[in-house]
Amino acid sequence: MNASFDFSGRTLLLTGAAGGIGRCIAELFHRSGANLVLGDRDEAALETLAEDMDGARIAMLAGDAADPDDAQRLVDLAVSRFGGIDYLIPGAGVYPAQPFAQMSDDEWRRTLAVNLDGVFYICRRAQPHLRPGGALVFLTSLAPHRGALTNAHYAAAKGAVGALMRSLTRELAPDIRCNAIAPGIIDTPMIGDFKKTRSDETLKLTPLARLGLPEEVASVAAFLASDAASFVSGETIQVNGGLYMVA
Ligand SMILES: NC(=O)c1ccc[n+]([C@@H]2O[C@H](COP(=O)([O-])OP(=O)(O)OC[C@H]3O[C@@H](n4cnc5c(N)ncnc54)[C@H](O)[C@@H]3O)[C@@H](O)[C@H]2O)c1
């Protein structure tokens, strides 16, 4: 994919940076001139990612998105290295498959801790350092729109992130725009279990008849952050090959 943007002199803070979608977002923004502040719990994968892009304009820190102190450390790093934050994409997420009838309180809490509390922690701590003209891009999901099978906690968390996005759209305006991407089924490590069990059935329903690629989410994230989307705020873009429309 040849999407091109100009983020020269701008700084992106991205969590979940070592994941399938995160890595593509990091590469696209870096190629487009941005400084990167990357967070993920997987330190080795973060280091590999930074090596692949040559270390210039990159700061990174391993940590747990569900830990408010780690969120603060990541924001402090962005401020000390690059003086502030232009774009924030809280992408860290987990997608455990658990039928509701067997879901424990701990499984519920952990899924919300990463996918919802973690988004709050990083947004709240980044907020004083967001530069005017900046943008937040949230990664929600098709799950809260369609209802999830075996992922009720995930769908609940992602639905709440959509609500948080709409509230921040109002509270951070007019200096900062907020939008979300609701990916459908994107071919990354996150959907390993899903591919084994339910992928065929989903592909039959999907008009574009294939899984999405992480690059196809990254390009929409870059569009939403860029000046090309300068009058887009409070929006959720579905990236799912048409599955939402027909399912
Ligand atoms: N792949 C899909 O089909 C899909 C669909 C809808 C939404 N999403 C969302 O997109 C985002 C990226 O997903 P992906 O497909 O790249 O998944 P992925 O599993 O490839 O990447 C997720 C990344 O988040 C990191 N992470 C997980 N828990 C963490 C924690 N507690 N602290 C710090 N880092 C943590 C992982 O180490 C990993 O690098 C997630 O928020 C996910 O929910 C993905």
Side-chain angles (χ1 to χ4, degrees), residues 13-28 37-50 60-74 88-97 107 109-123 136-149 151 153-162 164-165 180-195 197-199 202-203 206 210-218 220-221 224 236-241 243-244:
L13 194 167
L14 170 69
T15 69
I21 292 172
R23 166 176 269 272
C24 287
I25 292 174
E27 287 169 349
L28 177 53
V37 181
L38 308 176
D40 201 288
R41 68 179 168 189
D42 187 338
E43 188 163 18
L46 267 186
E47 277 166 12
T48 310
L49 173 60
M60 62 189 179
L61 194 64
D64 183 356
D67 181 337
D69 293 336
D70 283 354
Q72 186 63 58
R73 279 189 272 274
L74 204 52
L88 171 61
I89 305 182
V94 290
Y95 180 59
E107 288 160 348
R109 181 86 297 279
R110 180 64 189 162
T111 304
L112 267 81
V114 178
N115 292 0
L116 177 58
D117 300 350
V119 174
F120 166 73
Y121 295 145
I122 196 77
C123 289
L136 272 55
V137 180
F138 295 86
L139 286 163
T140 65
S141 171
L142 187 55
H145 299 274
R146 253 184 113 206
L149 208 56
N151 316 91
H153 41 15
Y154 178 84
K158 293 295 190 180
V161 170
L164 175 66
M165 179 277 287
I181 301 171
I185 314 299
I186 310 300
D187 200 355
T188 71
M190 178 167 276
I191 63 152
D193 288 342
F194 179 95
K195 269 168 91 173
T197 52
R198 290 191 284 129
S199 184
T202 305
L203 288 186
T206 305
R210 63 174 176 84
L211 301 175
L213 300 174
E215 292 84 352
E216 294 174 309
V217 178
V220 178
L224 286 172
T236 297
I237 298 193
Q238 304 279 345
V239 178
N240 54 49
L243 177 61
Y244 180 43

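Because only heavy atoms are used, hydrogens play no part in the values below, and waters and symmetry mates are left out as well, while side chains stay in. Please read all numbers here as calculations on a predicted model, not as lab measurements. Every number for a ligand or one of its atoms is a count from 1 in the order of the listing. Positions are given from 1 along the sequence.
Each of Gly16, Ala18, Gly19, Gly20, Ile21, Asp40, Arg41, Gly63, Asp64, Ala65, Gly91, Ala92, Gly93, Val94, Arg110, Val114, Leu139, Thr140, Ser141, Tyr154, Lys158, Pro183, Gly184, Ile185, Ile186, Thr188, Pro189, Met190, Ile191 has a non-hydrogen atom positioned under 4.0 Å from some atom of ligand 1.
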Next on the checklist: One pair to check against salt bridge (Lys or Arg N to Asp or Glu O under 4.0 Å): Arg41 and Asp70. What are the steps and the verdict?
Outcome noted: CA-CA 10 Å; Arg41 68 179 168 189; Asp70 283 354; over 6 Å; no
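Put simply, the side chain of Asn151 never gets that close to the backbone of Tyr154: no donor and acceptor are under 3.5 Å apart. When atom types are taken as modelled, the side chain of Asp40 and the backbone of Thr15 share no donor-acceptor pair closer than 3.5 angstrom. Asn240 contributes no side-chain N or O that, together with a main-chain N or O of Ile185, makes up a donor-acceptor pair within less than 3.5 Å.
The side-chain contact (heavy atoms from CB on, under 4.5 Å) with Val37 is formed by just one residue from the set Leu14, Leu61, Leu74; it is Leu74.
Screening residues 109-118 for salt bridge (Lys or Arg N to Asp or Glu O under 4.0 Å) gives Asp64-Arg110, Arg109-Asp117 as the qualifying pairs, with residues at least two apart or on separate chains.
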